[in-house]
Amino acid sequence: MLAGYPLLSLAIWVPICAGVLVLATGSERNAPLARWIALVGALAGFLVTLPLYLRFDATTANMQFVEFMRWIPTYNINYHLGIDGISMPFVLLNSFITVLVVIAGWQVIQTKTSQYMAAFLIMSGLINGVFAALDAMLFYVYFEAMLIPLFLVIGIWGGPRRIYAAVKFFLYTLLGSLLMLVAFIYLYFQSGGSFEILDYYALPLSLPVQILLFLAFFLSFAVKVPMWPVHTWLPDAHVEAPTGGSVVLAAITLKIGAYGFMRFNLPITPDASHYMTGFMVTLSLIAVVYISLVALVQSDMKKLIAYSSISHMGFVTLGIFLFNSMGMEGALVQMISHGFVSAAMFLGIGVMYDRLHSRQISDYGGLVNKMPVFAAFLMLFSMANSGLPGTSGFVGEFMVILAAIKVNFWYAFLAATTLIFGAAYTLWMYKRVVFGEVTNPEVAKLKDINAREFSFLAVLAVLVLAMGLYPRPVTEVMHVTVNNLLAHVAQGKLP
Amino acid sequence: MNFALTDLMPLLPEVFLLAATCFILILDLFLSQDQRYITYILTLAALAGCGWLTFSTATGITAYAMHGMFVDDLLSDTLKLMLYFTVAITLVYSREYLRLRGMFQGEFFVLVLFATLGMMVMISANHFLTLYMGLELMSLSLYALVALQRDSAIASEAAMKYFVLGALASGMLLYGMSMIYGATDSLELPRIALVLQADIGNSMVLVFGLVFIVAGLAFKLGVAPFHMWVPDVYHGAPTAVTLFIGTATKIAAFAFVLRILVQGLQSISPDWQQMLVIMAVLSMAVGNIAAIAQTNFKRMLAYSTISHMGFLLLGLLAADINGYSSAMFYILAYVLTGLGAFGMIMLLSRQGFEADRIEDLKGLNQRNPWYAFLLLLMMFSLAGLPPTIGFYAKLAVLQAVVQAGYTWLAVVGVLFSLIGAFYYLRIVRLMYFENPEDTHAITPTTDVQMLMSANGLAVLGLGILPQPLMALCTYAMERSL
């Protein structure tokens with residue numbers, strides 16, 4: 001029934017059009033209208049992505065829901081969309097998170113509401129484009145264009161050091177992507193005039209060339225992930241961004257980096273990927289161990305979660321570069337789980353920040369006395385963040401650790417320390433914020449969460465638990481694609 | 001020797017513009033200041049007439065006139081149409097600005113038309129003398145335009161500087177041309193090309209001549225290390241004139257470079273390629289780094305122009321059709337964006353107030369979100385970010401450079417454009433992240449409003465669908481070279 005519809009185009013353009021419509025409502029007078037249009041647009045954007053999952057054929061590694069149109073024939077650039085088991089979950093995740101972001105900003109954002117909502121909707125469409133693009137230039141256009149709304153979101157609605165953070169974020173990510181642009185142009189000529197990503201998979205390349213290409217892609221995606229040592233933009237951007245911005249940053253944009261590794265680095269430069277394994281694993285383990293320790297000493301909640309994101313993403317890159325299916329699927333599960341958990345943590349911090357206008361752990365304490373329902377939710381999310389069994393956080397981390405043992409015991413050992421550190425920094429933060437005596441008189445006046453806040457926290461709680469207890473619906477769609485990718489990588493492509 | 005009037009057909013637009021300009025010049029003497037709008041409308045009408053003539057005589061067949069001194073090909077037709085368009089938009093943007101500053105005079109319009117005529121001659125020149133004549137007609141008009149604001153010390157200084165350096169550049173160019181003449185025994189570009197193809201001849205004289213010519217061209221394009229005049233002139237000239245210099249003349253300068261280096265001296269491209277490499281890298285470095293330190297928006301855009309001209313050279317130095325058409329696309333994208341950026345300064349200016357400091361843009365999003373959005377598009381286009389036309393311009397040039405085997409130059413180019421992104425971002429930052437200090441209402445006239453919106457949306461629209469313009473550039477190049 002839905003076969004005729006260009007679902008991926010809808011997933012991209014419905015939010016963007018809704019965003020433009022929201023923008024058109026103009027001044028603050030029409031803010032209620034802007035909010036409702038935004039919500040409808042976000043929901044519609046999410047609904048059109050549902051058939052992508054329901055009608056997904058998990059038995060093939062081929063691209064599905066393919067759309068093809070000539071776009072810029074002069075350079076043979078095409079509007080070519082399609083998704084496989086790796087990209088499909090992210091399109092859904094992104095569209096889903098957008099709905100949450102709109103709801104989360106409902107009452108909180110009181111200045112330039114229409115611009116705020118529009119920025120997120122447009123960004124959501126562009127991010128779907130990033131995951132669905134099969135043409136390198138199309139990918140690049142979405143990849144870069146996405147920066148513009150995020151830059152504005154951080155800079156306009158962010159905290160006190162927002163301008164510094166926004167500029168840092170923008171320039172860091174631009175640096176990486178510009179080199180990727182040169183890499184694409186190089187591949188364009190090597191492949192005889194094609195910007196099709198899938199054409200590059202079969203292209204034989206010598207090892208030195210592969211390494212250079214690998215590094216160009218690496219820089220652009222490592223900044224996005226972010227991997228140690230190019231992670232320094234993330235804590236700044238997270239801390240200064242408004243809640244919605246932090247959620248999108250953590251839940252979605254970080255995944256673009258890891259997705260890029262799977263879509264570009266591994267299949268286009270497989271031999272270089274093998275060659276660089278040691279390097280990548282080292283960086284990942286540093287992120288896991290060292291950044292966990294950094295997270296431990298943070299006094300600002302958002303910063304703490306930002307560092308914990310970096311550490312969790314270290315798991316993802318570790319999983320990818322173990323080159324076995326358990327590790328890669330673990331990485332993917334970890335990415336999706338982190339999408340839910342980090343979104344939940346940032347939304348939770350947002351709930352507190354809206355009441356007390358502080359992110360300092362020391363300003364809180366004894367929250368459970370005043371906000372018991374919220375404390376229960378935060379408990380669940382904190383456990384998921386520290387990777388306790390039964391929550392989604394456990395599944396991915398456990399898979400990656402199992403995969404690491406097969407490769408090298410010490411990889412697994414170092415990676416497993418996160419189970420201790422993660423629990424330490426998350427639960428310690430939880431203890432200081434939620435338990436204890438109420439010392440701050442402001443905390444004594446707090447009211448528990450309202451229905452709006454309850455709704456998005458509850459949805460996330462259900463998802464976190466469901467994924468933790470029964471992850472199969474997620475893993476089965478990616479299984480074939482992952483194995484296919486690994487087979488391709490194992491083969492190599494030296495001329 | 002037979003002479004038929006139809007032999008002059010290829011230069012019909014030039015003849016028409018000359019006649020129209022003389023008519024406007026004389027008519028303007030009899031108009032009172034209140035009737036000055038007649039001059040304005042006639043000027044636009046003259047441009048429209050040229051546009052119609054050029055368009056209707058564009059056959060796609062290369063035609064020569066005046067014994068091979070003048071050429072009418074698809075390239076010249078395309079560039080001329082863009083030129084009329086640019087000049088017309090410049091005039092619309094400038095009208096209120098000029099009126100409020102007492103410069104809404106016949107002289108302005110006549111000088112602009114003469115400069116346009118000079119540019120048209122440059123675009124269609126097929127001979128060193130025609131080229132030089134067009135160049136001087138343009139330059140002399142521009143010197144006068146820069147100095148139009150008699151009482152302004154800074155404008156007079158800029159005019160003086162422009163004149164002295166411009167004259168020096170013209171001298172160099174002439175000197176170079178004479179050497180090439182000595183080496184090849186010809187001033188006609190196709191014949192020079194033929195001679196060079198057959199035999200490089202006295203290469204010492206030739207290379208010497210080439211060096212002088214390239215230096216002269218670099219002056220006119222405003223690329224480092226011959227860029228010193230650019231910031232001062234852009235800053236000192238009335239913004240209307242800056243807009244004219246910053247956009248229309250770039251089209252002519254591009255044609256000028258193309259005619260000399262490509263149509264005349266293509267055979268010795270290895271020699272000029274090396275020079276262009278150095279100038280391109282220097283321009284990108286100087287332009288992008290110096291722009292960071294600017295506090296004046298016009299000066300910042302001047303340095304940005306220098307860096308963009310450096311990028312343009314990257315396309316030219318690829319030295320093949322692909323490179324030239326990408327350079328042409330680049331220049332058109334730049335002109336379109338530059339029109340909007342300089343136009344915005346005039347749009348934000350008012351009686352007794354020049355909105356040319358970067359600070360003046362503070363909080364524009366709160367004062368008027370639409371103009372802030374349009375300027376945001378311009379800035380991202382200048383920075384070369386999708387989905388604006390500036391990105392495809394950059395992509396086109398980069399792919400030409402990589403194809404020509406200069407991958408390292410492409411890397412240098414993108415690294416400098418990263419530095420460039422920093423100061424374009426600063427403008428966006430001020431517009432969106434700061435609170436306004438200036439609370440005057442922004443009240444442009446309806447025509448400016450519409451045109452500015454169309455301009456901004458064209459930057460975005462051509463960024464989403466760049467194919468038609470790209471195809472046009474490639475087609476024009478293929479048919480003409």
Side-chain angles (χ1 to χ4, degrees), chain A residues 16 23 26-27 70-77 79 111-112 114-115 126 129 137-148 151-158 162-164 166-167 170-190 193 195 209 212 216, chain B residues 322 325-326 329 365-366 369-370 372-373 376-377 380 383-388 391-392 394-403 405 407-422 425-426 428-434 463-475:
Chain A
I16 293 182
L23 217 47
S27 68
R70 308 282 286 158
W71 182 27
I72 308 175
T74 306
Y75 298 123
N76 201 9
I77 300 172
Y79 181 79
T111 54
K112 306 189 196 101
S114 61
Q115 292 186 7
L126 294 172
M137 267 312 122
L138 187 65
F139 172 84
Y140 188 81
V141 167
Y142 286 128
F143 188 75
E144 289 267 88
M146 190 200 93
L147 294 182
I148 299 173
F151 172 72
L152 294 177
V153 163
I154 297 174
I156 298 179
W157 293 277
R162 61 187 195 277
I163 295 174
Y164 169 78
V167 172
F170 196 97
L171 291 180
Y172 254 75
T173 36
L174 189 64
L175 166 70
S177 47
L178 281 171
L179 290 174
M180 181 170 72
L181 178 65
V182 179
F184 282 148
I185 294 173
Y186 179 83
L187 283 167
Y188 169 69
F189 288 110
Q190 287 300 309
F195 274 122
V209 170
L212 285 176
Chain B
N322 180 11
S325 45
S326 73
F329 184 71
N365 184 38
Q366 288 178 35
W370 180 240
F373 174 68
L376 168 114
L377 286 177
F380 280 130
L385 257 80
T388 58
F391 167 68
Y392 298 94
K394 198 159 79 177
L395 171 68
V397 167
L398 286 177
Q399 63 84 21
V401 175
V402 173
Q403 192 183 27
T407 311
W408 67 271
L409 258 183
V411 174
V412 172
V414 298
L415 289 181
F416 279 121
S417 66
L418 177 73
I419 299 176
F422 176 76
L425 271 189
R426 189 169 60 171
V428 176
R429 201 183 81 192
L430 286 172
M431 288 193 302
Y432 279 85
F433 305 167
E434 306 267 346
I464 293 170
L465 296 170
Q467 177 60 23
L469 191 58
M470 266 183 188
L472 177 70
C473 292
T474 315
Y475 183 67

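Please read all numbers here as calculations on a predicted model, not as lab measurements. We name chains A, B, ... by the order of the sequence lines, and we start the count at 1 in each one.
Interface residue A:Ala166: only side-chain heavy atoms are found under 4.5 Å from chain B. In this structure, the portions of A:Phe151 lying under 4.5 Å from any heavy atom of chain B include both its backbone and its side chain. For A:Leu23, no part lies under 4.5 angstrom from a heavy atom of chain B. Only the side chain of B:Val428 has a heavy atom closer than 4.5 Å to any heavy atom of chain A. Proximity to chain A is absent for every atom of B:Ala383, based on heavy atoms less than 4.5 angstrom apart. With a 4.5 angstrom heavy-atom cutoff, B:Tyr392 touches chain A only via side-chain atoms. Proximity to chain B (any heavy atom under 4.5 Å) is restricted, for A:Val182, to the side chain, taken from C-beta onward. Residue A:Arg70 does not touch chain B at all, counting heavy-atom pairs closer than 4.5 Å. Both the backbone and the side chain of A:Leu175 come within contact range of chain B, judged by heavy atoms closer than 4.5 Å.
Taking chain A as the reference chain and counting heavy-atom pairs below 4.5 Å, the highest number among B:Gly413, B:Ala396, B:Ser325, B:Gly463 is found for B:Ala396. Of the listed residues A:Leu179, A:Val167, A:Val141, the one with more heavy-atom pairs under 4.5 angstrom with chain B than any other is A:Val141. Among B:Thr474, B:Val402, B:Leu425, the residue with the largest count of heavy-atom pairs under 4.5 Å with chain A is B:Leu425. Of all the listed residues (A:Phe170, A:Phe184, A:Tyr186), the one sharing the greatest number of non-hydrogen pairs under 4.5 Å with chain B is A:Phe170.
In summary, the aromatic rings of A:Tyr164 and B:Phe433 are positioned with their centroids too far apart to meet the 6.0 Å limit. With ring centers used as reference points, A:Tyr140 lies under 6.0 Å from B:Phe391.
Atom CG of A:Leu171 is separated from atom CD1 of B:Ile419 by 10.5 Å, given to the nearest 0.5 angstrom. Atom CD1 of A:Ile148 sits about 6.5 Å away from atom CG of B:Leu376, to the nearest 0.5 Å. Atom CG of B:Leu418 is separated from atom OG of A:Ser177 by 8.5 Å, given to the nearest 0.5 angstrom. Rounding to the nearest 0.5 angstrom, the gap separating the CD1 atom in A:Ile156 from the CE atom in B:Met431 is 10.0 Å.
A distance-only check finds no donor-acceptor pair linking the side chain of B:Gln403 to the backbone of A:Phe189 [under 3.5 Å]. Of the possible donor and acceptor atoms, one in the side chain of A:Trp71 sits under 3.5 Å from a partner among the backbone N and O of B:Ile464.
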Criterion side chain to side chain contact (heavy atoms under 4.5 Å, CB included) on A:Leu178 and B:Leu415, from CA distance to verdict: CA-CA 8 Å; A:Leu178 281 171; B:Leu415 289 181; over 6 Å; no

Stepwise side chain to side chain contact (heavy atoms under 4.5 Å, CB included) test for B:Val401 and A:Ile185: CA-CA 10 Å; B:Val401 175; A:Ile185 294 173; over 6 Å; no

Test log, rule side chain to side chain contact (heavy atoms under 4.5 Å, CB included), inputs B:Phe422 and A:Leu174: CA-CA 10 Å; B:Phe422 176 76; A:Leu174 189 64; over 6 Å; no

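Between A:Thr74 and B:Ala471 the shortest heavy-atom distance is OG1-N, 4.1 Å.
Looking at heavy atoms from C-beta onward, B:Gln467 lies out of side-chain contact with A:Ile77 at the 4.5 angstrom threshold.
Counting non-hydrogen atoms of neighbouring residues, nucleotides and ligands closer than 6.0 angstrom, the OH atom of B:Tyr475 reaches no more than 12 such neighbours.
When only modelled atom types and interatomic distance are considered, B:Gln399 and A:Tyr188 share no side-chain donor-acceptor pair under 3.5 Å.
With sequence neighbours left out, the side chain to side chain contact (heavy atoms under 4.5 Å, CB included) criterion links B:Gln366 to A:Lys112, B:Asn435, B:Pro436.
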